[in-house]
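The structure that follows is given in the form of structure tokens.
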Protein chains: 2
Amino acid sequence: MPEAVIQTYTRADEAFDCLQTAIVKGDLAPGEKIGEVELCSRFNLTRGPLREALGRLESRGLLVRRPHAGVKVVSVSTDELMELYRIREVMEGLAARQAAERMTDDEITALHTTLDAHEAMIEQAHGQAYYQAEGDYDFHHRIATGSRNAKLAQMLLGDLYYMVRMYRYRLSTASGRPHMALGEHRRIVEAIAQRDGELAEFLMKRHINAARRNIERKIAEGGLTI
Amino acid sequence: MPEAVIQTYTRADEAFDCLQTAIVKGDLAPGEKIGEVELCSRFNLTRGPLREALGRLESRGLLVRRPHAGVKVVSVSTDELMELYRIREVMEGLAARQAAERMTDDEITALHTTLDAHEAMIEQAHGQAYYQAEGDYDFHHRIATGSRNAKLAQMLLGDLYYMVRMYRYRLSTASGRPHMALGEHRRIVEAIAQRDGELAEFLMKRHINAARRNIERKIAEGGLTI
DNA sequence: CAGGCATATTTTGTCAACAATAGTGACTTT
DNA sequence: AAAGTCACTATTGTTGACAAAATATGCCTG
């Protein structure tokens with residue numbers, strides 16, 4: 001047994017998770033001003049733990065608080081979304097490089113099978129963008145973890161991904177280029193399997209850069225409004 | 001008037017600042033287990049705001065909390081410190097590139113004068129490592145802000161720098177290579193002034209990489225113990 | 001004498017009432 | 001009539017008391 005420690009789940013954690021998913025899923029719209037008492041009744045919580053959760057969410061940048069004036073969900077402009085992708089580019093590039101150097105063989109095998117599953121899902125649920133988005137998240141999640149860089153994984157998984165996902169739900173994976181993305185994923189995994197960190201970094205950066213430009217183009221075309 | 005909004009300072013903010021500086025300065029030693037009531041009496045606070053601040057600090061990675069078991073200051077191994085520098089390398093590289101593209105001429109002038117002040121301080125307080133550390137922080141702070149990438153600045157200034165500074169206080173700027181660092185800083189500013197983003201990124205990455213290797217070497221020599 | 005179990009204590013997690021502040025509306029004044 | 005000011009209300013910030021949980025201690029048993 002690797003982990004028998006059952007992290008007791010406190011009400012503040014519950015509040016945190018509820019709010020985070022509510023924000024990511026869009027149940028709480030960006031810019032929406034929300035009262036504490038309303039949130040309490042909505043999630044069956046009391047104000048103590050709620051405030052604790054609000055503090056955490058604020059320091060993660062998912063919502064902004066003005067003293068005595070209430071909290072509101074952060075609203076990210078398209079420019080800011082592009083900046084997020086630029087950060088992802090360099091950080092995930094680093095993650096891919098370190099993953100190539102440090103992942104175990106078992107983890108790499110798991111990466112391969114993950115991609116196979118994604119391919120099957122794309123063939124089958126042809127056009128179901130939601131699965132594609134989740135699959136993409138799964139892939140990047142594994143690489144962040146595989147980097148064996150705790151802080152890097154924390155920043156990617158705990159900060160950036162939530163903000164990006166917040167928009168992916170709304171755009172419902174605007175990228176909409178499942179096959180292309182899958183091919184890029186395959187090449188990245190190949191580089192990792194060959195323990196070629198430099199190549200993995202390069203491919204990952206290019207992959208995220210392509211995703212960013214794709215979204216940028218779609219927004220410019222007016223097909224998407226944030 | 002650009003900013004007439006007086007951010008009212010709440011008790012939770014006070015608690016947050018107190019704890020953060022206490023951790024960074026080393027008044028609260030890493031690994032030290034601290035009780036909530038003790039902290040309250042120490043900083044003249046009550047438990048409500050304190051707990052809010054603890055939540056924020058936890059999500060920033062400065063302390064770890066185990067439910068019902070108390071909080072303790074995070075203790076970072078040398079390996080983890082090196083990982084922090086690797087993250088800094090790519091993120092500050094990006095910051096330098098974007099700063100070169102976006103900083104105003106006034107900001108660049110300010111950067112120059114900042115470096116002049118650092119040089120004077122180094123000459124004068126010859127060996128006073130503390131000023132060097134603060135000067136270094138000032139330099140990197142300006143570039144992070146100048147990147148015009150809000151999230152990037154937040155992650156650097158709000159997360160990474162505090163963790164690194166936490167160790168700089170303890171090592172009392174182990175780097176101890178003030179003149180060399182100043183020269184590197186000058187070259188980075190030159191690249192920014194010439195709006196050469198690519199070069200600025202390259203120089204910044206090399207600068208941080210050199211700092212990392214320097215610390216790594218000193219630790220390996222046994223001169224420093226964390 | 002050592003190990004495990006039960007109890008007791010300390011510490012954290014939670015709650016509900018109180019105080020302070022910002023936003024809002026009406027009123028007065030120019 | 002418009003603008004500024006004052007008071008009010010609703011919401012947030014804070015406090016202290018209560019409940020639950022984990023660690024530590026001491027006792028009992030093998």
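Just so you know, these numbers come straight off a predicted model, no measurement behind them. Reminder, nothing fancy here: chain letters follow the sequence lines and each chain counts from 1. Hydrogens, waters and symmetry mates play no part in the numbers below; they use all other heavy atoms, side chains included.
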Carboxylate-amine/guanidinium contact A/E36 A/R51, below 4.0 Å: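 Yes, this pair counts.
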To the nearest angstrom, how far is A/H68 atom NE2 from C/dT21 atom C1'?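 Whole-Å distance recorded here is 4 Å.
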To the nearest 0.5 angstrom, please state how far the CZ atom of A/R86 sits from the CG atom of A/L81.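 Nearest 0.5 Å value for the CZ-CG distance: 11.0 Å.
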Round to a whole Å and report the spacing from CD of A/E52 to P of D/dG13.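 Answer to the nearest Å: 14 Å.
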Figure out the CG/P separation between A/L39 and D/dT11, and round it to whole Å.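 Taking atom P of D/dT11 as the reference, CG of A/L39 is at 12 Å.
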Whole angstrom value for the distance that separates C1' of C/dA16 from CZ of A/R51: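 That distance rounds to 14 Å.
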Geometric cation-pi criterion, A/R165 with A/Y137: 6.0 Å, 45°: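 Yes; both conditions hold, so A/R165 lies above the ring face of A/Y137.
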Within the structure, does a side-chain N or O atom of A/T10 lie under 4.0 Å from either OP1 or OP2 of C/dT14?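 Yes, A/T10 has a side-chain N/O under 4.0 Å of OP1/OP2 on C/dT14.
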Whole angstrom is fine here: how far is it from NZ in B/K33 over to C1' in D/dA22?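 In whole Å, D/dA22 C1' and B/K33 NZ are 10 Å from each other.
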Just call it for A/G48: base, sugar-phosphate, or nothing, with non-hydrogen atoms closer than 4.0 Å on any strand.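 Counting heavy atoms under 4.0 Å across all strands, no contact is made by A/G48.
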Can you say whether a donor on the side chain of A/R47 sits under 3.5 Å from an acceptor on the base of D/dG13, or the other way round?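 Looking at the base of D/dG13, it does pair with a donor or acceptor on the side chain of A/R47 (distance under 3.5 Å).
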Take atom CZ of B/R56 and atom C1' of D/dG13, then tell me their distance rounded to the nearest Å.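 It is 12 Å, rounded to the nearest whole Å.
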Distance, nearest 0.5 Å, that separates CG of B/L19 from CG of B/L63: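 Atom-to-atom, B/L19:CG and B/L63:CG are 7.5 Å apart.
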Looking only at the side chain of A/E36 (C-beta and beyond, no hydrogens), which of the listed nucleotides D/dT12, C/dG13, C/dT14 gets closest?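 Closest of the options to the side chain of A/E36: D/dT12.
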So, OP1 or OP2 of D/dT15: does either fall under 4.0 Å of a side-chain N or O from B/R11?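 So the side chain of B/R11 is within the cut-off, an N or O lying under 4.0 Å from OP1 or OP2 of D/dT15.
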In whole Å, what is the span from the CZ atom of B/R66 to the P atom of D/dA20?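 My rounded result for the distance is 22 Å.
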Which residue lies more 5' along DNA chain C, comparing A/P49 with A/A69 via nearest heavy atoms: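 Counting from the 5' end, the first nearest nucleotide belongs to A/P49.
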Can you classify the ring geometry of B/H185 versus B/H140 as parallel (below 30°), tilted (30 to 60°) or perpendicular (above 60°)?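 Ring orientation of B/H185 relative to B/H140: perpendicular.
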Spacing of B/Y9 atom OH relative to D/dG13 atom P, expressed in whole Å: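 Distance check: B/Y9 OH to D/dG13 P gives 15 Å.
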Remember a base hit wins even if backbone is also touched, and classify B/L50 as base, sugar-phosphate or nothing at under 4.0 Å, heavy atoms.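 Since no nucleic acid heavy atom lies under 4.0 Å of B/L50, the category is nothing.
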Does A/R65 have a side-chain nitrogen or oxygen under 4.0 Å from the phosphate oxygens OP1 or OP2 of D/dG13?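 Indeed, a polar side-chain atom of A/R65 lies that close.
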